[in-house]
Amino acid sequence: MKRILIIGIGAGDPDHLTLQAVKAIGRADAFLLVDKGEVKHDLADLRRDMIEAHGRQPYRVVEARDPERDRTTPAYASAVETWRSRRADLYEAFVRDELGDGETGAVLVWGDPGLYDSTLAGIEEVAGRGTVAFDHEVVPGITSVSALTARHRTNLNRVGRPVHVTTGRRLAQDGPTADDVVVMLDAHCAFADLGELGEEFHIYWGAYLGTPDEILVSGPVPEVAERIRALRAQARDSKGWIMDTYLLRRLPLA
């Protein structure tokens with residue numbers, strides 16, 4: 001039986017690799033490296049470095065180009081599902097064409113495979129197609145949320161209070177839905193457009209967490225919102241991409 005390892009590699013620091021992840025990398029006969037293009041070459045380079053450091057020779061690295069997602073259509077959910085299915089085609093081809101019977105393949109996933117990542121959904125789609133036979137295993141990783149709270153030296157939750165994890169799109173639509181809200185995938189800085197409601201919140205923001213390019217800002221939303229917006233735009237223009245997340249915490253900070 002062929003096997004796929006879906007390995008969480010943390011938020012960017014090579015030291016985020018857990019011992020379980022290191023052992024899993026050492027078990028793999030082949031790695032699927034999904035290339036996001038020249039702009040994000042450093043994301044691929046980090047994966048290559050981890051494979052070189054912890055892989056068991058002889059191993060193979062199979063590269064595939066990440067499908068483009070339609071970012072112009074208003075049908076966001078449909079566009080994501082289409083993109084995920086095209087990603088699933090890559091996984092299916094990897095299992096079918098690159099793994100021999102009894103071999104183990106691996107996909108290295110930024111952060112943790114269970115939090116705002118499409119890899120598991122793609123692997124499960126391939127399994128549901130029934131075109132290739134394989135087993136799969138998930139190795140958890142340090143999330144960007146864990147890295148964010150650690151770097152800001154704060155807790156994710158407060159005593160007896162829930163934490164809501166959402167997206168920038170939903171924050172703009174619904175507003176803060178808890179006293180502590182983790183926001184991911186916010187390309188438009190929705191926190192800066194909360195109006196008077198924003199005055200109730202403190203923000204802990206971070207970009208490129210765990211990497212040499214890491215940027216951290218915290219403070220009351222009205223005082224730091226424009227600074228974050230400017231830093232984010234400058235960083236994205238400089239690198240060509242950005243990954244950031246933040247925690248909104250309703251004041252007072254008790």
Side-chain angles (χ1 to χ4, degrees), residues 8-13 15-16 18 71 74 76-77 79-81 109-121 138 140-211 213-236 241-254:
I9 61 172
D13 187 335
D15 288 343
H16 283 175
T18 65
R71 300 180 183 275
Y76 173 77
V80 170
E81 287 303 316
V109 175
W110 205 262
D112 180 87
L115 182 65
Y116 281 94
D117 184 81
S118 65
T119 306
L120 270 175
V138 179
I142 292 175
T143 70
S144 61
V145 180
S146 297
L148 176 77
T149 55
R151 294 295 290 130
H152 280 290
R153 296 176 294 183
T154 189
N155 284 16
L156 176 60
N157 67 296
R158 290 181 283 179
V159 176
R161 303 192 191 185
V163 176
H164 186 197
V165 181
T166 189
T167 66
R169 183 184 296 267
R170 295 303 298 264
L171 179 68
Q173 176 182 313
D174 304 332
T177 49
D179 290 337
D180 296 282
V181 183
V182 173
V183 184
M184 309 183 78
L185 306 176
D186 185 4
H188 302 291
C189 299
F191 60 85
D193 299 317
L194 293 175
E196 292 183 0
L197 188 58
E199 298 177 6
E200 301 178 19
F201 285 88
H202 192 98
I203 186 170
Y204 299 92
W205 177 83
Y208 312 115
L209 291 159
T211 76
D213 299 310
E214 181 179 88
I215 312 170
L216 299 171
V217 177
S218 67
V221 169
E223 295 180 16
V224 300
E226 290 308 314
R227 179 184 172 204
I228 293 173
R229 197 199 293 268
L231 284 171
R232 191 184 192 281
Q234 181 182 12
R236 193 183 190 287
W241 62 277
I242 190 167
M243 288 197 300
D244 60 333
T245 189
Y246 56 89
L247 168 66
L248 288 176
R249 172 155 289 163
R250 194 183 302 271
L251 300 168
L253 298 177

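- Looking at residues two or more places apart in sequence or on another chain, you find a side chain to side chain donor-acceptor pair (under 3.5 Å) between Asp213 and Lys239.
- The minimum heavy-atom distance between Phe201 and Pro176, with the atom names listed, is CZ-CB, 3.4 Å.
- Here the CZ atom belonging to Arg151 is positioned 11.5 Å from the OG atom belonging to Ser218, to the nearest 0.5 angstrom.
- Within the structure, salt bridge (charged side-chain N to carboxylate O under 4.0 Å, His left out) contacts touching residues 218-227 (residues at least two apart or in different chains) are Glu226-Arg229.
- With sequence neighbours excluded, no residue forms a side chain to side chain donor-acceptor pair (under 3.5 Å) with Thr18.
- Note that the CD atom of Gln234 and the CD1 atom of Ile215 stand 8.0 Å from one another [nearest 0.5 Å].
- Pairing each heavy atom of Pro140 with each of Asp112, the nearest pair is CA-OD1, 3.2 Å.
- Every side chain to side chain contact (heavy atoms under 4.5 Å, CB included) that Val165 has, sequence neighbours left out, goes to Leu115, Tyr116, Val182, Met184.
- Taking OG1 of Thr177 as the reference point, atom CG of Leu171 lies at 8.0 Å (rounded to 0.5 Å).
- Remark: Tyr208 engages Trp241 in a ring pair (Phe, Tyr, Trp, His ring centres under 6.0 Å) (not counting sequence neighbours).
- For Ser144, there are no side chain to side chain donor-acceptor pair (under 3.5 Å) partners two or more places apart in sequence or in a different chain.
- Annotation: the span from Asp244 atom CG to Ile228 atom CD1 amounts to 9.0 Å, rounded to 0.5 Å.
- With rounding to the nearest 0.5 Å, the separation of OG1 in Thr143 from CG in Asp117 is 12.0 Å.
- Note that OH of Tyr204 and OG1 of Thr149 are 10.5 Å apart. Values are rounded to the nearest 0.5 Å.
- Within the structure, salt bridge (charged side-chain N to carboxylate O under 4.0 Å, His left out) contacts touching residues 172-185 (residues at least two apart or in different chains) are Arg158-Asp180, Arg161-Asp179, Arg170-Asp174, Asp179-Arg250, Asp180-Arg249.
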Given side-chain contact (heavy atoms from CB on, under 4.5 Å), test Trp205 with Leu216 step by step and report yes or no.
CA-CA 6 Å; Trp205 177 83; Leu216 299 171; over 6 Å; no
Distance-only criterion, 3.5 Å: show the donor-acceptor pairs between side-chain atoms of residues 191-199 and protein atoms not counting sequence neighbours.
none

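- For Thr211, the side chain to side chain donor-acceptor pair (under 3.5 Å) criterion is met by no residue, not counting sequence neighbours.
- Nearest approach of Leu247 to Leu148, heavy atoms of both residues: N-CD2, 3.7 Å.
- In terms of the ring pair (Phe, Tyr, Trp, His ring centres under 6.0 Å) criterion, His16 has no residue partners (sequence neighbours excluded).
- Screening residues 157-188 for ring-ring contact (aromatic ring centres under 6.0 Å, His included) gives no qualifying pairs among residues at least two apart or on separate chains.
- Qualifying side chain to side chain contact (heavy atoms under 4.5 Å, CB included) partners for Glu81, counting only residues two or more places apart in sequence or in other chains: Arg84.
- Heavy-atom minimum distance, Gly168 versus Ala190: O-CB, 3.6 Å.
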